[in-house]
Amino acid sequence: MTEDIHNLVIAGSGVAGLSAAVYAARADLDPLVLEGDEPGGQLTLTTDVENYLGFPDGVGGMDLIQRGKEQATQFSAQFQHGRIEDAVLDGQPLELSLSTGDKLYTRSLIVATGASARWVGAENEAELMGHGLSTCATCDGAFHRGDAVLVIGGGDSAMEEALFLAKFADSVTIVHRRDELRASEIMVNRAREHENVKFAWNSELVEIDGSQEEGVTGAKVVSHPDSYPRKKYEAGEDVEVEAVDVGGVFYAIGHEPNTDFLQDTAVVLDQNGYVQTAPAGDAWATTETAAHGVFAAGDVMDSDYQQAVTAAGMGSMAALDAEEWLESADAAVASGSERISTEAGD
Ligand code: NAP
């Protein structure tokens with residue numbers, strides 16, 4: 001008998017985690033929500049969300065998250081700072097070691113740790129990240145009034161970042177490695193129609209110039225009509241190399257799931273590191289992972305949809321799945337078929 005055991009810990013306070021928290025708190029599961037290094041998740045880095053049901057005039061990403069936290073708190077969800085660094089998930093109770101040094105024990109866990117921005121791999125990026133190089137236009141765009149800036153990527157995020165930056169920067173160039181965009185038509189049209197937004201097709205960033213004192217002062221971009229010029233450049237093939245004067249570079253090339261702490265656990269990850277949930281069976285879909293009592297929701301398990309509204313939906317599913325799992329575990333204990341400890345260290 002050493003420590004209390006939580007009923008349910010929810011790792012992550014983005015839209016999936018908060019939605020799970022609202023459902024779980026309303027079901028009296030007393031959830032504890034862990035807020036990691038990026039509390040509120042990716043929505044806090046977004047400007048207006050126009051496609052979240054119920055907000056015909058759009059809603060700010062940060063506003064949506066703050067409302068969600070308020071809603072979860074009203075139903076008595078608890079919040080604690082800490083990122084899970086290590087987890088033992090192959091028995092009961094589940095054991096979580098946090099970045100704060102705390103250790104938590106819980107009967108069930110919802111993994112809603114989301115995904116973090118990918119980096120390009122250009123020369124000097126580690127030194128210049130946060131010094132003119134950024135993965136968040138909403139956070140850093142206002143530092144670039146009057147600048148020329150680059151946005152790397154060809155998806156919706158790149159279009160969104162470019163349109164936001166165009167409010168401050170004199171010119172925004174979207175650097176895309178192919179000649180066809182991945183972004184949705186509505187976002188592409190908005191970017192194409194903006195007078196300050198240009199496109200560099202079949203182009204890739206290979207180097208960023210500057211210093212931590214001066215910020216970004218320039219960049220080297222390579223291009224080739226056959227797309228993906230970087231590989232050709234690195235192989236010493238003939239590509240066009242251009243040195244551009246820019247005051248800022250923004251990465252918008254997608255995200256990596258935050259699943260490092262699950263690497264050597266009973267949870268199964270796919271080849272890209274996303275949590276694999278169980279095949280649906282009789283149900284339409286499930287948030288169950290391969291570890292008993294562990295569920296997953298949102299961008300950490302979904303590399304396809306990655307929408308705020310789908311993450312919220314999956315968060316609610318995970319809470320309902322966890323509730324059902326806890327009830328069956330209680331029933332098993334009551335019938336004597338299985339013993340689940342109620343205190344850690346038993
Ligand atoms: P994404 O759709 O995966 O697009 C990533 C883009 O970056 C692709 O164009 C890709 O090129 C490029 N890329 C990837 N790795 C690269 C590298 N190493 N070097 C250069 N370019 C690279 O990611 P996303 O734009 O972040 O969007 C993720 C999801 O969120 C999508 O479902 C999107 O619809 C959604 N989202 C929606 C909104 C909105 O509706 N307002 C806003 C943002 C995001 P290729 O095309 O050649 O693969």
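Quick note: residue numbers are just sequence positions, from 1. Whatever order the structure lists them in is the order used to number ligands and atoms, beginning at 1.
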Item to check | Carboxylate-amine/guanidinium contact Lys220 Glu207, below 4.0 Å | outcome: yes
Item to check | Nearest-contact summary for atom 7 (O) of ligand 1 - protein heavy atom, Å | outcome: Ile253 CA, 3.3 Å
Next on the checklist: Quick check against the 3.5 Å criterion: does Gln71 have a side-chain atom that pairs as donor or acceptor with the backbone of Val22?
Outcome noted: no
Checklist outcome for this item: Residue, atom and distance of the protein heavy atom nearest atom 38 (C) of ligand 1 read Asp156 CB, 3.7 Å
Next on the checklist: One residue to check: His176. Relative to ligand 1, which of side chain, backbone, both or neither has a non-hydrogen atom less than 4.0 Å away?
Outcome noted: side chain
Item to check | Nearest-neighbour protein heavy atom for atom 17 (C) of ligand 1, which is reported as residue plus atom name and distance | outcome: Arg177 NH1, 3.5 Å
Next on the checklist: Suppose I only count heavy atoms of Gln307 and a 4.0 Å limit; which atoms of ligand 1 are within that range?
Outcome noted: 32 (O), 33 (C), 34 (O), 35 (C)
Item to check | Under 3.5 Å donor-acceptor, Ser108 side chain and Asn7 backbone | outcome: yes
Next on the checklist: For atom 44 (C) of ligand 1, what's the nearest protein heavy-atom neighbour? Residue, atom name and distance, please.
Outcome noted: Ser157 OG, 3.5 Å
Item to check | Heavy atom of the protein closest to atom 28 (C) of ligand 1 (residue, atom name, distance) | outcome: Gln306 OE1, 3.2 Å
Next on the checklist: With no hydrogens and no angle check, just 3.5 Å: does a side-chain donor-acceptor pair link Ser134 and Asp140?
Outcome noted: yes
Checklist entry - What residue and heavy atom of the protein are closest to atom 47 (O) of ligand 1, and at what distance? => result Arg178 NE, 2.7 Å
Item to check | Numbering as shown, the atoms of ligand 1 that approach Gly154 to under 4.0 Å (heavy-atom distance) | outcome: 6 (C), 7 (O), 8 (C), 9 (O)
Next on the checklist: Whether the Ser223 and Asn202 side chains hold a donor-acceptor pair (N or O, under 3.5 Å, no angle test) is what I'd like checked.
Outcome noted: no
Checklist entry - What are the atoms of ligand 1, with element, lying closer than 4.0 Å to any heavy atom of Tyr305? => result 32 (O)
Item to check | Identity and separation of the nearest protein heavy atom to atom 23 (O) of ligand 1 | outcome: Gly254 CA, 3.7 Å
Next on the checklist: Can you confirm whether the side chains of Glu161 and Tyr251 place a donor and an acceptor under 3.5 Å from each other?
Outcome noted: no
Item to check | Aromatic Phe168 / basic Arg145 pairing, under 6.0 angstrom, 45° off normal | outcome: no
Checklist entry - In the protein, which heavy atom is nearest to atom 40 (O) of ligand 1, and how far is it? => result Asn51 ND2, 3.5 Å
Next on the checklist: Within the 3.5 Å criterion, strictly below it, is a donor on Asp209 or Thr217 matched to an acceptor on the partner's side chain?
Outcome noted: no
